[in-house]
Amino acid sequence: MIEDTTTRSKNFIKEIIAADLAKGKNDSRVQTRFPPEPNGYLHIGHAKSIVLNFGLADEYQGHCNLRFDDTNPVKEEEEYIQSIIEDVRWLGYDWEDRLYFASDYFNRLYELAEQLVKSGKAFVCDLTAQQIREYRGTLTDPGKNSPFRDRPIEENLDLLRRMRAGEFQDGSRVLRAKIDMTSPNLNMRDPVIYRILHTEHPRTKDTWCIYPMYDWAHGLEDSIEKITHSLCTLEFEDHRPLYDWYLIQLGVYRPQQIEFARLNLSYTVLSKRKLLQLVQEGHVTGWDDPRMPTISGLRRRGYTPESIRHFCERVGIAKKDNIADIALLEYYIREDLNKRTSRVMAVLNPLKIIIDNYPVGQVEQLEAINNPEDAEAGIRTIPFSRELYIEQEDFQEEPHRKFFRLAPGREVRLKHAYIIKCEEIVKDEMGNILEIHCSYDPQTKSGDAQSNRKVKGTLHWVSVTNSIEAEVRLYDRLFVKANPDDVEEGADFKSNLNPQSLEIKSARVEPGLLEAQPGDRFQFLRRGYFCVDIKDSTPEKLVFNRTVPLRDSWARIEKMNARQKQ
RNA sequence: UGGGGAGUCGUCUAAUGGCAAGACUACGGGCUCUGGAUCCGUCUAUCGGGGUUCGAAUCCCUGCUCCCCAGCCA
C-alpha cells in the first residue's frame, strides 16, 4: 500500500505495541481502527490519526478498520459519511472489507445493556438532565445517589424495554451505570449509558429511539472488532477507567486504550465546532474552501496525499500539548511539488514591454524545459513576440540596492528567450507607467552557443497576443495570528480572520495551459505552485488556485528594507 | 482547592543512568537562465530548588507552570 518508510520513527505507542508483540499478547495481532463521528468533514488533525492508525497496522502486518461512530443522530449526516470515506481513500488508505458502523452494533449494544441491568450494575433513572447535573456534585464535592438507584432489577429491565419501545418522551429517563457517585473521577459518577432520542438516524432510520452514549458504545465497538490498541486523544484519558469498567463488568474482550496528543496547527483552527461556524456564517465558501484545513480543502488547494502523510509522520506522536508550525506543512508540499510539477509561465500583474528591434508580427516558438528536477518531464514550446507582459514588480524605475531585475538601462534575461535591455519608459499624464520599450540581443537566445553572457536577473514573461487569460486565486493563511484564540476581551477567534486570505487576480498565462485539466498542478515560474480548481475551472475560463508560494528570499530582503525605513 | 495528564532549541520530535540528536524555522555563504531547487555553514534547549550516583533530561524529594474533566456530545 504505502511506501513511505522515510520518516518512520520511534514513538511511545510503537514501544507498547512492540512489547505486546514480544509477550505474545492478543495472539500477536495488531488491529487498529479510525473511528470518526460523521458530524463534519475530516481535517488535518484527523489525518494525523489516520496516518497513525493505518500506518501502525501496515508496519506491524496488522489491520486497520474504518468505523463510523454514529451514535448521535442529532448531529450526524450521510453527507459527512460520504466525504469521510472519500477523504480517507484519497489519503491513500485501504480498509478493504472492514468498513463498519457503530449503528450496525446497536442490537448487540442493547443486549449487553440488558445484561448489565440483570447483573444489578445499571438502573433506569427518572431524574431530569438538570437534576442529574445537580446530583453529580462538582470537581471538589462528591455527588449523591439518585433516588432511583436502588430500583429492583425487574423494574429496571421493564423500564429499559419500554424506553426502547418508545413509550417515553425524550429526556424523561436514561439508563445509568451504577458505579460510584463519590468518585473523584466525574466520569465514574453513575454515567449515562442510553438516552431517549426520537430522532431519525441516517442509517437505522426510525428503528431506534434510544441511543448509546460514547463511553458505552466506543469500548464495545472496539471489543466487538477485537481491536488490540485503541488510540484516542488526550481528553479521553480520564474516560479510560470507565472504558475498562464496562468491558470488565461485561466480561468481554478488552482492547487497550492509549491516548496521544491531538494535532494543533498554527494560523488555523482545528475544531469541528469552529470549522462548522466558518462554513455556516459564510467566512469561507464551504468545507472544501481551499483556505480550510480540511482534507477536502487541502485537496482543492492542491495539496497531495503524500505531502500530508509526510507532514503527519514528521510531527510525531507524543503526549505533550503542541502547536505544529504550518510552515512544516508548507515545506512538505513544496518538496513534493518541486519534484512533480511542470514549470509554466504566468504573469499575475502584467506590465507591457515592447521590444523595438524585434520584427513586427513575428512569432517564434521557443523551447522550454518542463521540469529541471525531472528529465523525463520533457520540453514544450512557448511563443515569443515583440510585445510581452512581465510582472509589474519586476521593474523599478529607481531600483534600490540588491534589486537585480529590470530598470532603466539595465539588462535582464527573459527565461527561455533573450536578454533584453530597458531603453525607455512611457507614462501617461498622471505619471503611471504604461509600457516599457526595450531592445533585445539576438545573440543571446537560450540554448545558443554564444548565449552564455551573464546577467543578474531572469524574468518570466508571456506574449501579449499569444497568451490567455486566467483567474488566479491567491490564498493565504486564514488567520492573522498563530493562535487564533488569542483575542481581545469579549472577541472570539473570528476577530483574527485574515481579511486578505483570498486575493483574486486576472492573469495572463502561456497558451499551452488551455489544455490543463481540473486538478492539474503546476509551478508558475518564480511565483509558486498552482492547481486548476476542481470546482470552478472551465475550458472557457480557467481558474487556478495557489497552493503555496515559492520560498522567496527577495521578499525577505524587501521586508527587511521596509522595516529599516520605519 | 478533587481527579487525570504534560513540561527538552522559536516549533515539532529523539536520547529509556554514559558525548543532549534530527527536521522545520531564522540567519550567513557557494552555485544557479526560477532571488526556486541544491550545497555548505551558524544560532538557539533539558521548568526551578534539593538529593542519589564516578556520571542524571532520565532515578528520588520538593516546588512551579500549562492542558483536560462537572453533556442525556464525541
Side-chain angles (χ1 to χ4, degrees), chain A residues 7 9-11 15 35-37 39 69 71-72 74-75 125 127-129 132-134 136-143 170-176 183-189 191-197 210-211 213-215 217-218 232-241 259 261 263 266 272-273 314-332 334-335 338-339 343 345 369 372-373 402-405 412-417 419 444 446-447 451-452 454-460 482 523-528 549-557:
Chain A
T7 44
S9 60
K10 267 206 318 195
N11 63 50
E15 286 180 11
E37 184 192 10
N39 67 344
D69 208 1
T71 56
N72 183 3
V74 175
K75 292 184 176 174
C125 184
L127 254 26
T128 64
I132 287 183
R133 195 174 308 128
E134 287 161 10
R136 185 153 35 225
T138 69
L139 293 179
T140 49
D141 302 318
D170 286 8
S172 59
R173 287 185 167 82
V174 290
L175 180 70
R176 292 225 258 168
S183 172
N185 181 346
L186 268 49
N187 296 119
M188 301 299 272
R189 320 246 260 228
V192 173
I193 296 174
Y194 271 101
R195 77 283 213 188
I196 302 171
L197 246 33
I210 59 171
Y211 290 92
M213 295 290 290
Y214 168 83
D215 291 295
H218 205 92
C232 63
T233 42
L234 255 27
E235 66 270 27
F236 293 102
E237 214 147 16
D238 50 14
H239 289 243
R240 185 169 5 110
E259 309 84 12
L263 174 73
S266 61
K272 281 196 209 171
R273 199 196 98 244
R314 174 56 72 183
V315 292
I317 300 296
K319 297 191 72 156
K320 193 180 73 162
D321 289 328
N322 62 81
I323 303 175
D325 192 339
I326 199 166
L328 186 64
L329 217 210
E330 293 174 343
Y331 168 80
Y332 280 110
R334 286 194 189 103
E335 176 193 64
N338 176 48
K339 283 177 291 191
R343 276 61 172 165
M345 295 200 283
I369 292 172
E373 307 290 325
K402 287 187 180 174
F403 182 85
F404 36 85
R405 303 178 186 178
V412 294
R413 171 169 290 282
L414 294 177
K415 181 74 178 177
H416 305 306
I419 291 173
T444 59
S446 290
S451 70
N452 289 332
K454 298 290 179 202
V455 286
K456 198 73 173 144
T458 300
L459 309 186
H460 62 279
Q523 183 194 104
F524 285 0
L525 214 69
R526 300 206 303 136
R527 302 265 13 180
L550 252 28
R551 289 187 69 220
D552 189 350
S553 46
W554 167 243
R556 243 172 257 147
I557 293 169

Next on the checklist: Please report the distance, rounded to the nearest Å, between OH in A:Tyr332 and C1' in B:G22.
Outcome noted: 10 Å
Checklist outcome for this item: Stems for RNA chain B (at least 3 consecutive Watson-Crick or G-U pairs, under 3.5 Å) come to B:2-7 with B:64-69, B:10-13 with B:21-24, B:26-30 with B:38-42, B:47-51 with B:59-63
Checklist outcome for this item: Rounded to whole Å, CG of A:Asp325 lies from P of B:C12 at a distance of 9 Å
Item to check | Distance, P atom - from B:G22 to B:C60, rounded to whole angstrom | outcome: 29 Å
Checklist entry - Of all heavy-atom pairs between A:Phe404 and A:Val412, which one has the smallest distance, and what is that distance? => result O-CG1, 4.4 Å
Item to check | A:Ile326 CD1 - B:C12 P separation (whole Å) | outcome: 15 Å
Checklist entry - What's the shortest heavy-atom distance between A:Arg334 and A:Leu550, and which atoms? => result NE-C, 4.0 Å
Item to check | Euclidean distance for C1', B:U52 against B:U8 (whole angstrom) | outcome: 22 Å
Next on the checklist: Are A:Val174 and A:Ile132 packed together at the side-chain level, in the sense that at least one heavy-atom pair is separated by less than 4.5 angstrom?
Outcome noted: yes
Checklist entry - Does CD1 belonging to A:Ile369 count more than 12 external heavy atoms closer than 6.0 Å? => result no
Checklist entry - Between A:Ser183 (side chain) and A:Met188 (backbone), is there a donor-acceptor pair under 3.5 Å? => result no
Next on the checklist: Could you report the tightest heavy-atom contact between A:His460 and A:Leu525, atom names first, then the distance?
Outcome noted: ND1-O, 3.4 Å
Checklist entry - Would B:G71 be called syn or anti, given that syn covers angles within 90° of 0? => result syn
Item to check | Verdict with supporting geometry, A:Lys75 and A:Glu37, salt bridge (Lys or Arg N to Asp or Glu O under 4.0 Å) | outcome: CA-CA 9 Å; A:Lys75 292 184 176 174; A:Glu37 184 192 10; over 6 Å; no
Checklist entry - Distance between the C1' atoms of B:A70 and B:U65, in whole angstroms? => result 24 Å
Next on the checklist: Protein within reach of the bases, or only the backbone? For nucleotides 65-74 of chain B, mark each nucleotide 5' to 3' as B, S or -, using heavy atoms under 4.0 Å.
Outcome noted: --SBBBSBBB
Next on the checklist: Within the 4.5 Å heavy-atom criterion, are A:Arg240 and A:Asp238 side-chain neighbours or not?
Outcome noted: no
Checklist outcome for this item: For A:Ile193 and A:Arg176 the tightest heavy-atom approach is CD1-C, 4.0 Å
Checklist outcome for this item: Heavy-atom contacts, protein to nucleotides 31-48 of chain B, under 4.0 Å, summarised as B (base), S (sugar-phosphate only) or - (none) per nt, yield --BBBBS-----------
Checklist entry - Which value, in whole Å, describes the distance between the P atoms of nucleotides B:A21 and B:G51? => result 27 Å
Item to check | Pairwise P distance, B:G35 and B:G30 [rounded to whole Å] | outcome: 16 Å
Checklist entry - What distance, rounded to whole Å, do you find between the two C1' atoms, one in B:A20 and one in B:A37? => result 32 Å
Item to check | A:Glu237 or A:Ile317, whichever maps to the more 5' nucleotide of RNA chain B | outcome: A:Glu237
Checklist entry - If you measure from the P atom in B:G2 to the same atom in B:U62, how many Å do you get, rounded? => result 15 Å
Next on the checklist: Checking side-chain polar atoms at under 3.5 Å, does A:Arg526 have a donor or acceptor matched by the opposite partner on A:Thr458?
Outcome noted: no
Item to check | A:Lys339, NZ atom: more than 12 neighbouring heavy atoms under 6.0 Å | outcome: yes
Checklist outcome for this item: Scanning both residues in full, the closest heavy-atom pair of A:Met345 with A:His416 reads CE-CD2, 4.3 Å
Next on the checklist: When the P atoms of B:G18 and B:A57 are compared, how many Å lie between them, rounded to an integer?
Outcome noted: 10 Å
